[in-house]
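Note that ligands are numbered from 1 as they come in the structure, with each ligand's atoms numbered from 1 the same way. The structure presented is a predicted model; accordingly, all values stated were derived computationally and were not measured.
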Amino acid sequence: MRNETKCLTIPPVSLEGYDSLTVPVYRASTIRYPDASSFAARFERDTDGYTYGLYGTPTHRYLEYKITELEGGARTILAPSGQAAITNTLLALLHAGETVLIPDTVYGPVRDFAQNELRALGIRAVFYDPCDLKALASLLDDQTRLVWVESPGSVTMEVQDLPAIVEMAHAKGALVGCDNTWASPLNCRPLDLGADIVVEALSKHFCGHSDVLMGSVTLRDPGLGQRLKAAFGRIGIGVSPDDCVLVLRGIETLAVRLKRAAMTARAIADWLERHPLVEKVYFPALPGSPGHEIWKRDFAGSCGVLTFSLVNSVNAGIIKALDALKLISIGASWGGTKSLIAPTSLRDLRTVKPWIGPDYLLRLSIGLEHPDDIREDLELFFSSLEATAGEPNARDGTGRMVERNKQTLAEEMPLKSRSELS
Ligand SMILES: *Cc1c(COP(=O)(O)O)cnc(C)c1O
């Protein structure tokens, strides 16, 4: 063999005795077949077998298997974003003339997709109040193919009664799919609660470091899993094995990251609730938050993502005051190690119950920084708000509020978290 040809052959390196603690990156577009007859029979291979890079390499299988195990499902399919996981699931399942029921509080881009692409395909997308089971029951009919659930809801955090929704939907022959991104399977397992489909935006908690876009769909029924896997393949959905190992790495620290962020978020939420400039805190772990009782029943814990609104007198100054923050970044894609805040307008994002609250809600994604540094940064924001509104101290004008809030959050945390995470 000439050297030119030797450049193209794979040396006979043995994998014997190589047992790494990590999952290797297997890259491939092309899969080799041992002989022509196995190539001819390649589509008879098990769907977990290897036929083409688009349908997955061993690296993909490791991640699919891991997520399937965590969700308690039969099969997982990976997609290049959480959004792609949701939209392609809807495309694969729904036909013209059928109805999908979508919560009013759904992730904004999914609402957009439903109102544009789904409607253009002749699929009816009907929005429902996430907390009104009676209204949902009245929308379910023989054309309803799928009820979508996102719990807690985007920004306003309504926890939905998934088992009750499943019962109603199944009685009408409809499937139930749940976006479980906020909880992750460590804090909620929608398939155990009766859902047929669970989606995670792996870009958030799973990856956990704000540098990968990926999504997953996990199915309880192997037949439905096979159908979706085939549909995703036909549409041409695939992800990079390099990204898969980053998500696999993220999963190894998922539990500790979630616990730490949840503890800090609970302490920050308690502090915000007592703050005179705060109107309302939206966080399922707080008593009084919409669906808190359901959260206690169906969830094992929370994460670092919460929302709050401000009292009327300071609302006009929000955008300017956010520039006072030094530690917390302004940005949307939550679930990473660094704290984020996003001023969010719900005006165009609610149609069943048009939004009549403040122009902006503030969504916080609490990261892994020291809780007191996060609180001190938020204090810069509140001071800037007060300066803008020209009110030295909104509620009583004595400065007592500042004193009251000086106790360190870190000292309070362990007790709080114990009750929350139990
Ligand atoms: C971010 C997010 C998505 C979309 O995930 P991407 O990977 O950013 O496309 C879907 N659902 C929820 C609840 C999200 O927060």
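At the top of the distance list for atom 12 (C) of ligand 1, counting protein heavy atoms only, stands Asp179 OD2, 3.4 Å. When only non-hydrogen protein atoms are considered, atom 14 (C) of ligand 1 lies nearest to Lys204 NZ, 2.9 Å. Considering only non-hydrogen protein atoms, atom 8 (O) of ligand 1 sits nearest to Tyr107 OH, 3.9 Å. Regarding atom 6 (P) of ligand 1, its nearest protein heavy-atom neighbour is Gly82 N, 3.3 Å. Among protein heavy atoms, atom 9 (O) of ligand 1 sits closest to Gln83 N, 2.9 Å.
With respect to Arg111 and Asp348, no salt bridge is recorded, no charged nitrogen being found less than 4.0 Å from a carboxylate O.
A 6.0 Å sphere centred on CZ of Arg61 holds more than 12 heavy atoms belonging to other residues, nucleotides or ligands. Counted within 6.0 Å of NZ on Lys66, heavy atoms from surrounding residues, nucleotides or ligands total 12 or fewer; the atom is thus considered open. Crowding of Asp141 atom CG: a count of heavy atoms from other residues, nucleotides or ligands under 6.0 Å exceeding 12.
In terms of heavy-atom proximity, Gln160 sits nearest to Ile294 at O-CG2, 3.6 Å. For the pair Ala125 and Ala114, the tightest heavy-atom approach, listed with the atom from each and the gap, is CB-CB, 3.7 Å.
Near Ser203, the atoms of ligand 1 lying under 4.0 angstrom from a non-hydrogen atom of the residue are 6 (P), 7 (O). The atoms of ligand 1 that sit less than 4.0 Å from any heavy atom of Glu150 are 13 (C).
Within the structure, ligand 1 lacks Trp182 among the residues with a heavy atom less than 4.0 angstrom away.
For Trp182 and His205, the ring centers are positioned 6.0 Å apart or more.
Between Ser333 and ligand 1, not a single N/O pair is under 3.5 Å apart.
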